Each structure stands twice: as structure tokens, then as C-alpha cells.
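Atoms within each ligand, like the ligands themselves, are counted from 1 in listed order. The figures that follow rest on heavy atoms only: side chains count, while hydrogens, waters and symmetry mates do not. None of the values given here were measured: they were computed from a predicted structure.
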Amino acid sequence: MSAPNKSYDPVEVEALKPEEIERMRDEALAAFAAAADLDQLQEAKTAHCGGTSPLALANREIGALPPQAKAEAGKRVGMARGAVNKALAARQSELEAERDARVLVEEAVDVTLPHDRVAAGARHPLTTLSERIEDIFVAMGYAVAEGPEAEAEWFNFDALNIGPDHPARGEQDTFFVQGAEGAEGTDGSGVVLRTHTSPVQIRSLIDREPPVYVICPGRVYRSDELDATHTPVFHQVELLAVDEGLTMADLKGTLDHMVQALFGGEGMKTRLRPNFFPFTEPSAEMDMVCYVCRGESVGNPDRPCRTCSSEGWIELGGCGMVNPKVLQACGVDPEKYSGFAFGFGIERMLMFRHNVEDMRDMVEGDIRFTRPFGMEI
Ligand code: PHE
């Protein structure tokens, strides 16, 4: 700042001339107007409002003026600075508004766009149900046993006392994979897609020393057309117990326990009806009490039951005492050991347990079918 000068002529101070102040102001206003974004405006602000800007420097000269000139120059500079600050603030909010509008557009999320996130899956109810059944028996000390789906004919048929002439061996039921001639390592036996999980029982009896208690879940194949009540690929759970002194009473008690554990509550029991299977003797069909009406719809027209058609019983599957010929084929002494076995289809149980009306729903893999069954594990 220059020293006070009593004879100072304000007109002679270049920076404080009215036209100079006007020019500084106009340059500032033009620079603000020309700033295309907030960064450029910041530069213009430093240049025109900062401590070394022309107007700030001019302001400093005021102190050196004689008193009579101070007021006039101060007013002039003050007004110019006021106008510059106002223009700066206006341009600032204008550019901020522009930026905000642009950001809103640029960063907008279109919630209607298709997304590629992988939908959460669900466990198939056949798996859940099968594991639930396994759990019941694992809790009783049974082991879960598994075997190959492409199985030697000997395991699937011969060892189970299903002779070469048995209709189940015929082409209409069995998927043949390889004839005996071409099959390697099967001791002259052909290869089929297993028609039941009973071959796993044979493998278990051969591999383990009695007592043997196994539960064999798995996928099985029969050459049926896919329709509402049939599928060529389905699931079974079969059970085998071989020990000293086992009787049909053990079989019956085991079946009753299973249906009580699966369907719960009072009055759940099973009944056996005579039947024939080559691998069991005696053999039986097993039914369980209808888990909905618990038998109360029988002869009671006031309480019809859709689940069992008012018959009171629901057919489950087959069972019996292991045929001594099967024990012998597996090297187990039938004089010392006896056993019981049963087997049933999981699809059928899923149908009546959960009112699934069409078997095709179970094989189509549509997640809308599986999801309502939940994630029970
Ligand atoms: N293996 C028989 C089937 O698939 C079911 C069964 C198993 C029957 C055990 C009796 C004993 O049809």
C-alpha cells in the first residue's frame, strides 16, 4: 500500500479510475459467464476475487487516497466487488444445478432393466424327503449305502432270485446298457440301468459282515412313458436288515416307527397284505394308515377323505423276509441269519404327502415347483 498523500489526485491513480474498475468488474463477470463447469469457475474466482485479483489490489490502493477521494473510490470498488460476488454466487448455483441434473441422469438406475443375477436355488423336495427318511434310520443305527446306477445284471436280477425268465427282466421294463458279451469286468453279466435299489443291498451283504443294517436311497430306471403318474427315472428308498433272529415282527415294528416318524401323531401304523417278490419270502404289500383321516373316513360318508378315497389306507410299497436264496448268493448262512427288507418310491410318497398331482412337475426342474417346499435340510 502506498503512503498517505495529502495532495493525492485520485484521477491519477490508474487502478482506481472508474473505467478501470468497470473493466475489472466486466472481465470478472465475463469470466464467470464463460466458466463451463465448477472447476473453471473456481479458477475464475481465484483470478477475480482472490487476494491478488485486480479488484483486491485496487482496494488496497484506497487506503492511500486523501480522505475526500476515499469515500468515492471505496464506494466504486465496493459496488464492483459486490456485483462480482453476486455474479459468482449466481453462476455457482447455476453450475451446481447443472451438475446435479447431469449426475441424476448419468447415475440413474433403470430398475426396469433385466438383471443377470443368478436366482437363488432350492433343494428338490425329492432330495429333502429322501434325506428325511434316511435320517430316521440313521438315528436307529442304520448305515446309508449307495451303489452304481449302471449296474451288472447279476446284482440287479440274478442275486435277487429274479431268474432269466422273470418278466421284470423283459425289454418293456428294463433299460439295457450292454449285453453280456461286451461288458468288461462283470463276470459275464450284462449291464442295465438298475430297476430298483435292491442291488445295493446285495453289494452291502457281500461287502459287510452281518449284522447288516443299511438304508439304500437312489435313482432307478424303468422304461415307462413320462405321464402324470409314471416317470422312467424315479427314486427309491430300500432298507435291509440282516441279523440273528430277525422276524416279521421286527419288520412290522420298523415300518410302524417309520410312518410315525414321517407323519407324526397318534394312530399312525402299517398293515401287510400277502404278495410275491422273488427276493423275499414271505412277501407283502405294505400300506400305512391315511395320515389325513387316520382311518376315520372308512364307512363314514359324513367325513369323506380325498387323500385315501375314504379307504383309510395308503399303499406304500413292498416288503418281506429276505429269501434264503438271496442270503446264500451273498455268502450269508441262512441257518444263522435272517433278514427283512422293504422298498418304496419317493415320488409316490411326495405325491400323497404334499398333494402333488402330476409327476411331471417333479422332473421338469422348474424352480417355481421346488421353492414352496422350502430349504429344509
Ligand atoms: N425292490 C422292490 C421293487 O423295486 C421293492 C421291495 C424291496 C420289495 C424290498 C420287497 C422288499 O419293487
Side-chain angles (χ1 to χ4, degrees), residues 126 130 133-134 137 142 144-149 151-163 166-170 172-175 192-205 212-224 229-243 246-256 258-259 270-288 314-327 329-330 332 334 337-349 359:
L126 287 172
S130 173
I133 296 164
E134 289 159 42
F137 291 102
Y142 282 74
V144 178
E146 289 180 327
E149 290 174 25
E151 181 61 281
E153 260 184 279
W154 187 83
F155 284 108
N156 194 78
F157 296 126
D158 302 75
L160 286 156
N161 193 33
I162 302 175
H166 194 280
R169 236 165 144 131
Q172 80 268 35
D173 274 325
T174 307
F175 286 114
V192 298
L193 293 182
R194 66 181 180 194
T195 58
H196 46 187
T197 51
S198 306
V200 185
Q201 308 186 2
I202 300 300
R203 288 175 175 274
S204 305
L205 270 184
V212 171
Y213 289 87
V214 286
I215 172 103
C216 317
R219 197 176 288 145
V220 301
Y221 303 82
R222 287 184 202 174
S223 51
D224 279 321
T229 52
H230 295 89
T231 152
V233 184
F234 58 104
H235 298 76
Q236 274 190 340
V237 167
E238 291 205 3
L239 176 136
L240 171 73
V242 172
D243 204 341
L246 289 181
T247 69
M248 246 174 143
D250 299 303
L251 166 63
K252 182 72 167 63
T254 307
L255 289 174
D256 284 350
M258 179 184 73
V259 294
T270 54
R271 76 172 178 190
L272 305 181
R273 287 177 289 118
N275 195 9
F276 172 80
F277 295 107
F279 33 88
T280 45
E281 182 58 38
S283 304
E285 277 301 302
M286 52 183 184
D287 299 338
M288 58 172 238
I314 298 172
E315 196 182 311
L316 257 190
C319 65
M321 299 306 290
V322 181
N323 192 321
K325 288 186 187 164
V326 174
L327 295 176
C330 301
V332 175
Y337 294 103
S338 59
F340 62 82
F342 64 78
F344 55 88
I346 305 293
E347 275 79 357
R348 232 189 75 75
M349 183 177 276
M359 232 179 224

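If you check the side chains of Thr270 and Asp256, you find a donor sitting under 3.5 Å from an acceptor.
For Cys319, every heavy-atom contact with ligand 1 shorter than 4.0 Å involves the backbone, none the side chain. Heavy atoms of Phe344 found under 4.0 angstrom from ligand 1: none, in either backbone or side chain.
The distance from ligand 1 to the heavy atoms of Glu238 drops below 4.0 Å at these ligand atoms: 1 (N), 2 (C), 4 (O), 5 (C), 7 (C). Within the listing of ligand 1, atoms 3 (C), 4 (O), 12 (O) sit less than 4.0 angstrom from a heavy atom of Arg222. If you number the atoms of ligand 1 from 1 as listed, the ones under 4.0 Å from a heavy atom of Gly343 come out as 6 (C), 7 (C), 9 (C). Residue Gln236 approaches ligand 1 through these ligand atoms, each under 4.0 Å from one of its heavy atoms: 3 (C), 4 (O). Near Phe342, meaning under 4.0 Å from any of its heavy atoms, are these atoms of ligand 1: 7 (C), 9 (C), 11 (C).
Geometrically, Arg203 engages Phe155 in a cation-pi contact, judged by NZ or CZ lying under 6.0 Å from the ring centre and within 45° of the ring axis.
Note: an N/O pair closer than 3.5 Å links Ser198 and ligand 1 by distance alone. Checking only distances, Thr195 never comes within under 3.5 Å of ligand 1, N or O to N or O.
Nearest protein neighbour of atom 6 (C) of ligand 1, counting heavy atoms only, is Phe279 CE1, 3.7 Å.
Around atom 11 (C) of ligand 1, the closest heavy atom drawn from Ala284, Ala341, Ser283 belongs to Ala341.
Taking the ring centroids of Phe277 and His196, they lie at or beyond the 6.0 Å cut-off.
The environment of Lys325 atom NZ is sparse: at most 12 non-hydrogen atoms of other residues, nucleotides or ligands sit within 6.0 angstrom.
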